[in-house]
2 protein chains.
Amino acid sequence: MTAKRDLDVFDLKLLSEVQKNAQLSQGELGAKVNLSAAAVNRRLKRLADEGIIKKYVAVIAPEALGYALNIVAQVEVERERIDLLDAMKKVFEACPQVQQCYWVTGEWDFVLMLAVRDMEQYNELTRQMFFKNNNVKRFKTLVVLKHVKSGLEVPID
Amino acid sequence: MTAKRDLDVFDLKLLSEVQKNAQLSQGELGAKVNLSAAAVNRRLKRLADEGIIKKYVAVIAPEALGYALNIVAQVEVERERIDLLDAMKKVFEACPQVQQCYWVTGEWDFVLMLAVRDMEQYNELTRQMFFKNNNVKRFKTLVVLKHVKSGLEVPID
DNA sequence: AGTGAAACGTAAAGATA
DNA sequence: TATCTTTACGTTTCACT
């Protein structure tokens with residue numbers, strides 16, 4: 001998260017590759033982008049040091065762990081007092097079943113993506129996070145029928 | 001995606017670690033879960049072979065590439081004919097700015113998470129994907145003010 | 001032309017699988 | 001033990017004097 005440098009075409013190609021697949025060796029990456037393994041190593045290290053590569057993670061199949069159900073929940077709050085909002089964010093953030101939570105403008109205040117075992121677990125979570133919280137004015141549930149696309153890949157032009 | 005085996009406590013701990021940080025060496029992972037590096041190696045390989053670990057990826061800071069704006073778009077379709085839906089899915093899937101797309105029940109048919117450079121790019125995308133498509137009945141835009149939480153981590157009990 | 005910074009490739013050393 | 005990563009070293013390029 002340090003300097004603001006311009007990324008050249010090698011950096012962009014490397015980022016494009018590793019955000020799709022971080023398992024290639026630096027030698028293999030080098031072959032793809034026309035650089036030596038050492039150059040790849042230096043560039044990846046630099047990109048990580050600068051915070052451009054935030055982390056490396058394994059992506060797990062949720063079904064394998066019994067988390068086959070995804071739900072989009074939209075939440076409107078009663079009052080937009082900053083301390084109340086912060087308290088809600090903390091609750092959402094701390095809940096392992098909340099994979100993603102966005103604070104948004106528009107008709108709703110929060111959009112959450114949840115991964116749950118089943119409807120019963122979702123009902124329980126709504127009780128905990130929504131009904132119990134008297135700053136939640138209303139919420140709406142959208143059940144995911146199918147993942148058309150899911151990832152965190154950033155477009156690289 | 002082969003066998004359906006029961007995951008033991010070591011597997012679960014390993015999955016929990018690598019989905020947060022896939023950069024630890026197998027030796028370091030072993031120290032965390034009380035296993036030898038070789039055992040960690042065998043287990044990770046097996047988890048990958050079984051499709052439980054789907055892939056390893058680098059997570060990139062979108063701002064570093066000029067993608068500082070996220071938008072949740074909700075779409076309702078005109079007709080739920082399967083061929084029309086499939087055509088829409090293909091369009092959403094193929095668009096690099098669409099990070100995630102879910103087919104859902106309820107008030108809307110699709111929920112999309114977009115990463116765009118600016119509002120202008122979003123407007124352009126709505127023209128391409130929504131206005132041009134006469135199976136899109138209506139859509140609603142929620143602009144993300146803040147990422148409270150974002151990831152693909154599966155809860156591990 | 002001369003100097004310094006940045007980045008490369010090769011190759012050896014060190015760490016990991 | 002084989003492979004991959006990291007570092008050291010000498011070389012190239014380029015911007016600026």
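Chain A is the first sequence line, chain B the second, and so forth, proteins listed ahead of strands; every chain is numbered from 1.
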- Item | Residue B:Ser25, side-chain heavy atoms: nucleotide from C:dA17, D:dT5, C:dA7 that is nearest |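 Of the options given, the side chain of B:Ser25 lies nearest C:dA17.
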- Query: Using a cut-off of 4.0 Å on non-hydrogen atoms, how would the nucleic acid contact of A:Gln26 be classed: base, sugar-phosphate, or nothing?
  - Reply: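 Result for A:Gln26 = base.
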- Task: Could you tell me whether A:Ala38 contacts a base, only the sugar-phosphate backbone, or nothing, with contacts defined as non-hydrogen atoms closer than 4.0 Å?
- Result: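 The answer is base, as A:Ala38 lies within the cut-off (heavy atoms under 4.0 Å) of a base atom.
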Write down the distance between [atom1] ([X]) and [atom2] ([N]), rounded to a whole number of angstrom.
X       : N      : atom1 : atom2 : value
A:Lys45 : D:dT5  : NZ    : C1'   : 13 Å
A:Phe10 : D:dT13 : CZ    : C1'   : 13 Å
A:Glu50 : C:dA6  : CD    : P     : 13 Å
A:Gln23 : D:dC4  : CD    : P     : 12 Å
B:Tyr56 : C:dA17 : OH    : P     : 11 Å
A:Glu28 : D:dT3  : CD    : C1'   : 11 Å
A:Leu35 : D:dT5  : CG    : P     : 15 Å
A:Arg43 : C:dA7  : CZ    : C1'   : 8 Å

- Task: Could you check A:Phe110, A:Tyr122, A:Phe131, A:Phe92 and say which one makes a ring-ring contact (aromatic ring centres under 6.0 Å, His included) with A:Phe139?
- Result: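 For A:Phe139, the ring-ring contact (aromatic ring centres under 6.0 Å, His included) test succeeds with only one of A:Phe110, A:Tyr122, A:Phe131, A:Phe92, which is A:Phe131.
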So which heavy atom on [X] is nearest to which on [Y], and how close?
X        : Y        : result
A:Trp108 : A:Glu76  : CE3-N, 3.5 Å
A:Leu12  : A:Asp157 : CD1-O, 4.3 Å
A:Arg117 : A:Leu65  : NH1-O, 3.2 Å

Phosphate OP1/OP2 of [N] contacted by [X] side-chain N/O (<4.0 Å):
X       : N     : value
A:Asn41 : D:dT6 : yes
A:Arg46 : C:dA7 : yes
A:Arg42 : D:dT7 : no

- Report yes if some heavy atom in the side chain of A:Leu112 is under 4.5 Å from a heavy atom in the side chain of A:Val72; otherwise report no.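 No, side chains not in contact.
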